[in-house]
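What follows is a set of notes on a single structure, which appears directly below.
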Amino acid sequence: MLFDLIRALPVAILVGVVPGWFWSRLLVASADRAERFAYSVGLSLALVPAVSLIPARLFGTGVTLAVAIASPLLVFFLGLAAYLRFGPAKGPDEPIAPPPTPFGSLALVLLIAAFGLTLGVQTGAVRGTTILIAIALLVLFAGIVHLIEPRAQPAPQVEGLAGSRRLPAVLARRLLLPVVLALTLLRGYLGPVLHDWPFVRGVDHYSHAVMAELMISRGKIEPYLIYPPGFHTMTAEISRLSGLEPLEVFPLVAPSLLLLPALGCYALARRLWGWE
């Protein structure tokens with residue numbers, strides 16, 4: 001299945017990341033590449049299926065190979081043309097909200113305990129409804145403690161000390177997000193790799209595979225089920241371009257989708273409060 005993974009992931013990147021790159025530079029005033037990457041993914045996932053649906057519905061042919069090739073290319077080159085015409089987005093690249101108050105020691109201890117239990121649940125070391133209730137209570141109490149703890153005033157910056165801290169801050173900024181994304185990918189792909197690439201758990205993926213097949217053959221899902229067509233259109237695109245069946249695409253590409261919440265949270269937090 002490694003060969004199938006090598007076929008599927010580059011196609012997913014070409015369809016779900018690259019087409020929105022110049023649109024993100026046109027619409028988002030940000031010097032942060034990771035933030036622009038997150039917006040590029042969001043715009044690609046919105047625009048490419050929308051463009052694919054136009055010929056698929058007009059001609060009733062579904063997502064053919066020609067549609068799968070033309071749609072991301074059209075979105076990419078239209079974004080490039082608009083970027084060359086209007087230039088990058090104008091506006092401040094500053095946070096829109098003041099930074100949140102740092103957590104105190106007690107609140108941090110409670111949060112660390114909550115995250116430790118969460119890690120135990122994820123790895124299977126601990127389980128049960130009681131553990132989930134304990135995690136929720138720890139987070140709740142951490143929030144209450146944070147509200148009632150006295151606020152510590154930030155110490156004045158000393159120029160020499162600030163300069164000595166600059167290098168670790170730069171390294172942290174460059175390394176922390178890649179480390180988080182790498183751990184997210186590891187979390188997603190470790191199970192399939194260790195267990196010889198099984199099908200996704202549950203039965204819903206069979207229904208989604210049927211809907212992706214309907215998008216390939218007919219360009220619509222109805223009357224099978226009523227679903228927004230974007231996800232299944234994107235699956236149909238990846239299936240057409242990679243040569244894999246929709247049911248084969250899911251265990252290969254689905255673990256990488258866990259990156260999207262991480263990138264989305266990063267883009268939101270940076271826009272609100274800055275990188276820190």
Side-chain angles (χ1 to χ4, degrees), residues 5-6 8-52 71-72 75-76 79-80 82-83 88-89 91-97 99-100 111 114-115 118-119 122 139 169-193 200 205 208 228 230-235 237-238 241-242 249-276:
L5 181 65
I6 295 172
L9 285 185
V11 170
I13 293 171
L14 290 174
V15 173
V17 179
V18 176
W21 179 252
F22 286 105
W23 287 108
S24 68
R25 298 195 66 181
L26 175 71
L27 299 173
V28 181
S30 175
D32 188 282
R33 291 184 180 179
E35 186 180 9
R36 291 205 306 265
F37 182 85
Y39 282 107
S40 179
V41 173
L43 289 165
S44 297
L45 296 180
L47 294 175
V48 172
V51 172
S52 302
S71 299
V75 172
F76 177 80
L80 175 60
Y83 177 77
D93 188 24
E94 300 298 326
I96 62 176
L111 283 177
F115 285 131
T118 303
L119 182 62
Q122 291 289 324
V139 174
V170 171
L171 290 176
R173 182 165 186 170
R174 291 182 177 178
L175 295 179
L176 280 178
L177 183 62
V179 167
V180 169
L181 297 182
L183 289 174
T184 303
L185 280 177
L186 181 65
R187 170 69 179 85
Y189 281 104
L190 193 59
V193 169
V200 182
H205 66 285
H208 290 298
F231 174 72
H232 307 100
T233 305
M234 185 64 73
T235 306
E237 295 254 355
I238 297 173
L241 294 173
S242 66
V249 168
F250 287 127
L252 298 171
V253 177
S256 67
L257 298 181
L258 293 175
L259 291 175
L260 302 186
L263 283 170
C265 288
Y266 174 83
L268 175 62
R270 186 191 178 278
R271 182 55 49 185
L272 285 175
W273 303 303
W275 177 86
E276 295 80 4

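Both backbone and side-chain heavy atoms feed into the values below; hydrogens, waters and symmetry mates do not. A quick note: this is a predicted structure, and the numbers were derived from the prediction, not measured.
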Might you work through the side chain to side chain contact (heavy atoms under 4.5 Å, CB included) test for Glu237 and Leu14, ending with a clear yes or no? CA-CA 10 Å; Glu237 295 254 355; Leu14 290 174; over 6 Å; no
Would you please say whether a donor-acceptor pair under 3.5 Å links the side chains of Ser52 and Ser71? yes
Please evaluate residues Asp32 and Arg271 with respect to the criterion salt bridge (charged side-chain N to carboxylate O under 4.0 Å, His left out), reporting the C-alpha separation (whole Å), side-chain torsions for both, the decisive distance (0.1 Å), and the verdict. CA-CA 10 Å; Asp32 188 282; Arg271 182 55 49 185; over 6 Å; no
Is there a side-chain contact between [X] and [Y] in this structure, where contact means two heavy atoms from C-beta onward sitting under 4.5 Å apart?
X	Y	value
Leu263	Leu181	yes
Thr235	His208	no
Trp23	Leu47	yes
Leu9	Ser256	yes

Rounded distance (nearest 0.5 Å) linking atom [atom1] of [X] with atom [atom2] of [Y]:
X	Y	atom1	atom2	result
Leu257	Phe250	CG	CZ	9.5 Å
Tyr83	Trp21	OH	CH2	10.0 Å
Leu176	Tyr266	CG	OH	10.0 Å
Leu260	Thr184	CG	OG1	10.5 Å
Ile238	Leu252	CD1	CG	10.0 Å
Phe37	Leu177	CZ	CG	10.0 Å

Taking all atoms of both residues into account, what is the closest heavy-atom pair of [X] and [Y], and its distance?
X	Y	result
Ser40	Gly20	OG-C, 3.2 Å
Ala267	Ala38	CB-CB, 4.0 Å
Ser24	Tyr39	CB-CB, 3.9 Å
Phe76	Val18	CD1-O, 3.5 Å
Met234	Ser44	CE-O, 3.8 Å
Ser242	Ala8	CB-CA, 4.4 Å

Is there a donor-acceptor pair closer than 3.5 Å between any side-chain N or O of Arg36 and the backbone N or O of Val28?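 Checked: no pair found.
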